[in-house]
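Both ligands and their constituent atoms are indexed starting at 1 by order of listing.
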Amino acid sequence: MSADDHKPFQHPATIAAAALGASRPEGGGVVPILNPATTYEKGNAHMYYRTSGPGLADAEAVLNTLEGGAGALLFSSGMAAATHLLLALGPGAHILAPEGMYWFMRDWLKKTAPAMGLEVSFYANTDLDAIRTGIRPGQTKAVWVETPANPDWAVTDIAAAAEIAHDAGAKLFVDSTCATPILSRPLLLGADVVMHSATKYLNGHSDVLAGALITRDADDFWGQVHAMRTGLGSTLGAFEAWLLLRGLRTLDVRMQRHSENALWLAERLSDHPRVSHVMYPGLPTDPGHAVAAKQMCGGFGGMMSIRVKGGPDAAAQTAKRTKLFFDATSLGGVESLIEHRGPIEGPDSPTQQDLLRLSVGLENAQDLLDDLDQALGQ
Ligand SMILES: *Cc1c(COP(=O)(O)O)cnc(C)c1O
């Protein structure tokens, strides 16, 4: 491709919608082709699918360009992406992770990672001083940040965390699942690798399980991560990669609508007589708002949580009474979801027992508010 060929692909909306040119296959079709081959004739760019494949490479190229990276890898799930990244640091590595994060990742870090040779300790989420003091010079190989973070959408300053990590010779890894490259680009703020559960917004249709890593440098460590994906065989399947690319094409417009709907709902729920607290970084009163306004652009995403008056029982009943919101786990799809997190995360979790997590979908915002209104009761 010449420099001119890249010109139409400068803007995120165009990169995504045109799938970076993959939507112009030979023969004139306007959608990317599904190529399920697992092996390729010698002399071509790919040899065997566990290492790399054409449709997989197309989806990886779109993500890499959106994040401004030097390489992208797709995995069979978000957990596969995250765990491969950490395990590639090697046995004995110390990882500093936030107390408030995607609960299953925290669970894995606490219960499984030590048995696999990693040492893990935790810092109070968003607290830069706690990151500074939690780092063990010489032993800490990576600081993990999730922002905005499950399930209270706390916002961590990526640029500041990167500086602290780098000063100590550690890498900064950012779980950017809920921001997506449309709203935030961690690599440009100093992160070394950005991770996504592509199951969520990147695919956006609740029909693919996938994970992504995008790196700032295609260095030896990145080679290790790729070798680990090939070695453990956790490459994303060709059909899933094709579906993910289909979903990615509408990412820009979906993130705008998710963000608009969520902000509108957050403002109205803030005044609701049955709601004691709304957690959403788009609200000027939210503790994470200033940092979010600095490092996100175009919106604050579609995730929010509310605490309801009346305690855990009222929260449980509200989730059961919604008609438009599905009472279901996961997030980032076109359909709105509501979930009472306490019973999911268990007694060890710091999550408040009256907290309901909302994944605000693409429905009409007034319809969503009406549904929450009737479910919350008067
Ligand atoms: C869902 C999720 C994950 C795990 O991804 P899977 O695709 O379910 O394996 C990790 N981080 C965040 C923030 C998530 O929402």
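- Ring pair Phe221/Phe173 is parallel by interplanar angle, where below 30° counts as parallel and above 60° as perpendicular.
- Two residues are said to be in side-chain contact when any heavy atoms from C-beta on lie closer than 4.5 Å; Asp373 and Arg274 fail this criterion.
- Screening residues 55-80 for side-chain hydrogen bond (donor to acceptor under 3.5 Å, both in side chains) gives Glu60-Arg229, Glu67-His196 as the qualifying pairs, with residues at least two apart or on separate chains.
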- Query: Where do Asp313 and Gln317 land on the side-chain hydrogen bond (donor to acceptor under 3.5 Å, both in side chains) test, with the steps shown first?
  - Reply: CA-CA 6 Å; Asp313 288 346; Gln317 290 309 315; over 6 Å; no
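- Shortest non-hydrogen contact noted between Thr329 and Arg357 is OG1-NH2, 4.0 Å.
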Any protein N or O within less than 3.5 Å of an N or O in ligand 1? List each pair with its distance, or say none.
{"unit_1": "ligand 1", "atom_1": "5 (O)", "unit_2": "Ser197", "atom_2": "OG", "d": "3.0"}
{"unit_1": "ligand 1", "atom_1": "7 (O)", "unit_2": "Gly78", "atom_2": "N", "d": "2.9"}
{"unit_1": "ligand 1", "atom_1": "7 (O)", "unit_2": "Ser197", "atom_2": "OG", "d": "2.8"}
{"unit_1": "ligand 1", "atom_1": "7 (O)", "unit_2": "Thr199", "atom_2": "OG1", "d": "2.6"}
{"unit_1": "ligand 1", "atom_1": "9 (O)", "unit_2": "Gly78", "atom_2": "N", "d": "3.1"}
{"unit_1": "ligand 1", "atom_1": "9 (O)", "unit_2": "Met79", "atom_2": "N", "d": "2.8"}
{"unit_1": "ligand 1", "atom_1": "11 (N)", "unit_2": "Asp175", "atom_2": "OD2", "d": "2.7"}
{"unit_1": "ligand 1", "atom_1": "15 (O)", "unit_2": "Lys200", "atom_2": "NZ", "d": "2.7"}

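- Residues Ser184 and Gln295 bring no donor and acceptor atom of their side chains to less than 3.5 Å of each other.
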